[in-house]
Amino acid sequence: MKKLFGGINLTYPKLIIFAVIAAVYTAVMAIIPITSDTSFRDISISFEVWILFGIIIIMNSKSPVDSALKCFLFFLISQPLIYLIQVPFSHMGWQIFTYYKTWFIWTLLTLPMGFIGYFIKKDKPWGLLILSPVLALLAYHYGNFLGETRTFFPYHILSTVFCLVTLILYPLVLFQDKTIKKIGLVISIVFILAATAYVFVKGPTSYKTSLMSNGYRIDETGEVIHFDDTYKVYLKDKSYGELSIGYEEGLEDYLINADFRKIGKTEFTIEAPDGTKTVFTIDIGRDTYSFEKKE
C-alpha cells in the first residue's frame, strides 16, 4: 500500500500508459450493454475512481509543479480518449463529445488541485484541510450509491463499498502522524454516518415514469387499451411500487404513471368499472421497463 501511495517512480511515459489504460477500460465499460446501471459503468459517470487515480499521481509526484502537470496531463489524455473510443459504438456519433465539456472543466481544475494536493505529503495538520473536500465528495457519492443499492439491490453495491473503503483508507495511508490519522479517520466516519443517515431519512429511491396513454395499441394484436379515471390500475406485488391513472393537460388525455421501487418481474392489471381486467407482465429495470399483455 505504501508503494502505491508514494513508492512508484511515475515517469511521464508511465503516466501516459496509465492514462490510456484507464481510458480504454472506462470506454469499454460504457460501451458494453451488460454494465448498464452497474458499478462497472460508474467509472464513466462519477468521480470516485478518478479521485483514486488523482491521489496516486499526487503522492508519486516529486514537487507541486510536477504534481499539477502530471494530474493535468493524465486527465487531458484519458477523458477525451474515452469519448473518442465510444464514437463508433454510440448512436450519438461525434455528438458524444458534448458530454466532454464538464470533464474538460475538471481537467483544467486538476492544475490547481494537483498543485495544492501535493502538500498532503508534508504530513501536517493542514493537510487534512486539503483532503477534507475530497472526503466530502466521496461521501456524497457514497450516499448516492447507497440509496441506489438500498432500493435496487444489488445495483451499485461495489461502488458503495469502494467509496466506503476509500473514505476510511485515505486518512490512514496518506498521513504518517498518528494524531492526524485519527482526526482524519474521525472526519471520514462523520461523513459516512451523515451520508448514511440522510439516505435512510430520505427514504427509498424510486423510478418514476409513464407506462402508457389512453388508446395504447398493442403491436402484436392491434388491440387498443382504453382507460380513464374511473378505471383502477395496480401491481400484483406492491413491493415493486405504485401505479396510478392521471390526466395529462399537455396531452389532454389519461396516462398510467408508475413509481417503481424495485427491479424484477411482476404483473399489473387495468380494471374497468364493470370489473373487466386486462393483465400485463412487466419487467422492471433501474430506469427501463418492458411489458406485454398476458394471455
message = Parallel, tilted or perpendicular, judged at 30° and 60°: which one describes the rings of Y289 and F291?
response =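 It falls in the parallel class, under 30°.
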Aromatic ring pairing F74/F18, orientation class (parallel under 30°, perpendicular over 60°, tilted between) =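 The rings of F74 and F18 sit tilted, inter-plane angle from 30° to 60°.
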Nearest heavy-atom pair of [X] and [Y]: which atoms, and what distance?
X    : Y    : result
F53  : A22  : CE1-CB, 3.9 Å
N257 : S210 : OD1-OG, 2.9 Å
P64  : F119 : CG-CZ, 3.7 Å
D42  : S159 : OD2-OG, 2.5 Å
L129 : P133 : O-CD, 3.1 Å
L135 : G184 : CD1-O, 4.5 Å

Hey, does [Y] have a side-chain heavy atom less than 4.5 Å from the side chain of [X]?
X    : Y    : value
F280 : L211 : no
L255 : F227 : no
R150 : F200 : yes
Y118 : V65  : no
T281 : K265 : no
L128 : F175 : yes
C71  : I58  : yes
S44  : M29  : no

Assess, by modelled atom type and distance only, whether the side chains of [X] and [Y] contain a donor and an acceptor separated by less than 3.5 Å.
X    : Y    : result
E48  : S46  : yes
D253 : S213 : no
Y142 : T196 : yes
D66  : Y12  : yes

Assigning hydrophobic clusters by single linkage (Ile, Leu, Val, Met, Phe, Trp, Tyr; side-chain heavy-atom cutoff under 4.5 Å), is [X] placed with [Y]?
X    : Y    : answer
I77  : I21  : no
F104 : F97  : yes
L164 : F145 : no
I105 : M113 : yes
L131 : W50  : yes

Reported [atom1]-to-[atom2] distance for the pair [X] and [Y], which is rounded to 0.5 angstrom:
X    : Y    : atom1 : atom2 : result
F268 : I282 : CZ    : CD1   : 5.5 Å
N214 : D228 : CG    : CG    : 7.0 Å
I56  : I51  : CD1   : CD1   : 12.0 Å
L167 : L138 : CG    : CG    : 5.0 Å
L84  : I96  : CG    : CD1   : 10.0 Å
N144 : T149 : CG    : OG1   : 10.5 Å

For the pair [X] (side chain) and [Y] (backbone), establish whether a donor and an acceptor sit closer than 3.5 Å, ignoring hydrogens and angles.
X    : Y    : answer
S78  : A19  : no
R261 : Y240 : no
D123 : D177 : yes
T110 : T107 : yes
K121 : M59  : yes
T269 : V279 : no
K277 : E271 : no
S90  : M92  : yes
T38  : T35  : yes
K202 : G147 : no

task = Could you give me the CA-CA distance, side-chain angles and deciding distance for Y83 and W103, then say whether side-chain contact (heavy atoms from CB on, under 4.5 Å) is met?
result = CA-CA 11 Å; Y83 294 105; W103 283 101; 3.1 Å; yes
Could you tell me whether [X] atom [atom1] has more than 12 heavy atoms of other residues or ligands within 6.0 Å of it?
X    : atom1 : result
F162 : CZ    : yes
K14  : NZ    : yes
Y234 : OH    : yes
K232 : NZ    : no
I34  : CD1   : no
Y100 : OH    : yes

task = Would you sort out whether F75 and L108 count as a side-chain contact (heavy atoms from CB on, under 4.5 Å), showing the intermediate values?
result = CA-CA 9 Å; F75 283 90; L108 294 177; over 6 Å; no
request  = Starting from the C-alpha separation in whole Å, work towards a yes-or-no answer on side-chain contact (heavy atoms from CB on, under 4.5 Å) for K262 and L235.
outcome  = CA-CA 12 Å; K262 184 179 175 181; L235 290 162; over 6 Å; no
query = Step by step, would you call D237 with T266 a side-chain hydrogen bond (donor to acceptor under 3.5 Å, both in side chains)?
reply = CA-CA 7 Å; D237 186 343; T266 185; 5.3 Å; no
Validation row, ring centre W106 to ring centre F47 under 6.0 Å =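 Yes, they do, as the ring centres are separated by less than 6.0 Å.
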key: I120/F5 under side-chain contact (heavy atoms from CB on, under 4.5 Å): CA gap, chis, key distance, verdict   = CA-CA 11 Å; I120 292 174; F5 294 100; over 6 Å; no
